[in-house]
Protein chains: 2
Amino acid sequence: MGRLQNPAGKASPAVVDTEADDIGKEEPRKGRLRLDAVKSIRKMIFSGELAPGERLREVALSEELGMSRTPIREAFRTLAGEGLIDLLPNRSVIVSVPDKSEAADVFTVLGALEALAGQLATQRMSLEQIEILGELHADLAHYFETANRLAYLEANRLIHEYIVEASDSPSLVLAWRLLLPRAERARHVTTLDHDRWAEAFQEHCEIYAAIVARDEARLKQLLESHFANGVESLKKSEARKRATERAEIYAGRSG
Amino acid sequence: MGRLQNPAGKASPAVVDTEADDIGKEEPRKGRLRLDAVKSIRKMIFSGELAPGERLREVALSEELGMSRTPIREAFRTLAGEGLIDLLPNRSVIVSVPDKSEAADVFTVLGALEALAGQLATQRMSLEQIEILGELHADLAHYFETANRLAYLEANRLIHEYIVEASDSPSLVLAWRLLLPRAERARHVTTLDHDRWAEAFQEHCEIYAAIVARDEARLKQLLESHFANGVESLKKSEARKRATERAEIYAGRSG
DNA sequence: ATAATAATTGTTGCATGCAATTTATCCGAC
DNA sequence: GTCGGATAAATTGCATGCAACAATTATTAT
């Protein structure tokens, strides 16, 4: 098993393709093994392949991802910073177990952050930026009308990201980026029902209008309620899901 | 926050690994080298020993801190997550250069976070927690009256931390802790003049009163203005400092 | 002398080995 | 049969070595 170097060796098929560059701002040039590890492990957590509370062993992951333990270890530090895994002293690292209310929690905090982002952005956005946002909003509208759920969610994320970055507040962007993976994880376990979808889109239209009008106070309020409504919908969805799970248990289904 | 059991019943705050808050240990214990590195490097950045933009070389740091490159490298990942350093692809790591308005920026965001924390805390705090907060506030008052500036700042930090943790919102705590080092760095370059000190203490008294009264709306407003006032004072202080520096340059002083 | 290029040095990225510590297994006592 | 302790296996933390990449200096051509 003594693998020497792995130069240019795409020999390992287990590596997932790395297309989206969600979080890192480092250019994925050469030393990308660590970043690949971060993305792969994050994906595993989102997909549920790694269950909450599950132990992450360095050797197992390194073999699965076709790299040595070092980049895995370093990826752990990054993921720990995102709160996706917990580093226990001399013991294994485990996938953090999301509190049952984590989804609501993270959206609440994101709501506060984006409300502030909206305030700052209305003051600081250039006309070009508002124009770009208009295009993004048009995309969103298109995906809503064509009922393209996945594309809509991506456009939605882009808009929120754009507003946050337009706040021109490095700390705000930093904190927002930190929480984003958790929100994504939360989103992966919930579903967007159609009523909420329509409502959310309507809210987005108002948000866009408030930005164009540079109505700071209104935008803040809109963003706050946008997230609060999302949390509400989420809680309902969760309650429904729990009820379904209970029903399955009673029906004798185990998996 | 995603932790399984709380080991040995130590009612530790809701934070995961990040960095354990032990006080200085000279003995090269085991399993803590990485955390020591994080703390040491952070301190160097705060103290200015490592200037913004300065390159961090792994070997130099490892020799200075008496450890190998590995824990240094891992510490870099953590610090990069905090935004204190920037990781360039295959090049050196550099101390991130704080934007000249970073202090105001980070305090603005912290203000929004703590305003939310206050809202949540008023709903969720137990009577015991309020009692503990009362003790912390009494400490603060004592240090204010005895004009013990350093102890006051520490007590101040403890109170804010306690409120944040009392929010019982893992995401909020996570984001807050992320920004804290930046705020500390900002604080290290500013001074608290006496007028602002008195004003801030007065605000703290009102904050405490609002918590006892569980007046959510008022607390939120108080915290917001508490931070806004802090930012204001900061900007004035910065302007003063810049003026002084200019004067020194004209006077021919270089150090 | 200057500019382009090649050799050299320095630094980061990754792999691997070893020691320390934790976790798991087995055996005996109650 | 269950609990407790000693031993063995597994796993993490750290150190170190090697190769790739970047920066720097030396060399050569114009």
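- Between B:R55 and D:dA23, a side-chain N or O to OP1/OP2 separation shorter than 4.0 Å is absent.
- Separating the CZ atom of A:F76 from the C1' atom of D:dT11 is a distance of 11 Å, rounded to the nearest angstrom.
- Remark: B:S92 engages B:R55 in a side chain to side chain contact (heavy atoms under 4.5 Å, CB included) (not counting sequence neighbours).
- Contacts of A:Y143 classified as ring pair (Phe, Tyr, Trp, His ring centres under 6.0 Å), with partners at least two apart in sequence or in another chain: none.
- When the ring pair (Phe, Tyr, Trp, His ring centres under 6.0 Å) test is applied to A:Y162, no partner is found at least two apart in sequence or on another chain.
- Note on A:L56: only backbone sugar-phosphate atoms sit closer than 4.0 angstrom, heavy atoms only; bases stay farther off.
- Counting to the nearest Å, the C1' atom of D:dT16 and the CE atom of B:M67 are 16 Å from each other.
- To the nearest angstrom, P of C:dT23 lies 12 Å from CZ of A:R57.
- You'll find that the side chain of A:R34 is closest to C:dC14, out of C:dC14, D:dC14, D:dT12.
- Judged as a side chain to side chain contact (heavy atoms under 4.5 Å, CB included), and not counting sequence neighbours, the contacts of B:I130 are B:M125, B:I211, B:V212, B:R214.
- Between A:I72 atom CD1 and D:dG13 atom C1' there is a gap of 16 Å when expressed in whole angstrom units.
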Detail all sub-3.5 Å separations between protein N/O atoms and N/O atoms belonging to nucleotides 17-19 of chain C.
| residue | atom | partner | partner atom | Å |
| --- | --- | --- | --- | --- |
| C:dG17 | O6 | A:R69 | NH1 | 3.3 |

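- Of the candidates D:dG13, C:dT11, D:dT12, the closest approach to any side-chain atom of A:R77 belongs to D:dG13.
- The distance from atom CD of B:E63 to atom C1' of D:dT16 is 14 Å, rounded to the nearest whole Å.
- The base of C:dT23 has none of its N or O atoms less than 3.5 Å from a complementary donor or acceptor on the side chain of A:S92.
- For the side chain to side chain contact (heavy atoms under 4.5 Å, CB included) test, residues two or more places apart in sequence or in another chain that qualify with A:L179 are A:V106, A:V109, A:L110, A:L113, A:R182, B:S171, B:L174, B:A175.
- OP1 or OP2 of C:dA15 sits under 4.0 Å from a side-chain N or O of A:S68.
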Under the salt bridge (charged side-chain N to carboxylate O under 4.0 Å, His left out) criterion, do A:R177 and A:E161 qualify, and how do the steps go? CA-CA 9 Å; A:R177 287 211 131 98; A:E161 184 173 27; 2.9 Å; yes
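- A side-chain donor from one of B:S169 and A:D105 sits under 3.5 Å from a side-chain acceptor of the other.
- At the phosphate of C:dT12, neither OP1 nor OP2 sits under 4.0 Å from any side-chain N or O atom of B:R91.
- Nearest to the side chain of B:L33, among D:dC14, C:dC14, C:dG13, sits D:dC14.
- Rounded to whole angstrom, the span from the CD1 atom of B:I94 across to the P atom of C:dT12 amounts to 13 Å.
- One interatomic measurement links the two molecules: CG of A:L88 to C1' of D:dT11, which rounds to 13 Å at whole-angstrom precision.
- If you take CG of B:N90 and C1' of C:dT11, they are 9 Å apart, rounded to a whole angstrom.
- Closest-nucleotide positions on DNA chain C for B:T70 and B:V59 were compared, and the one nearer the 5' end corresponds to B:V59.
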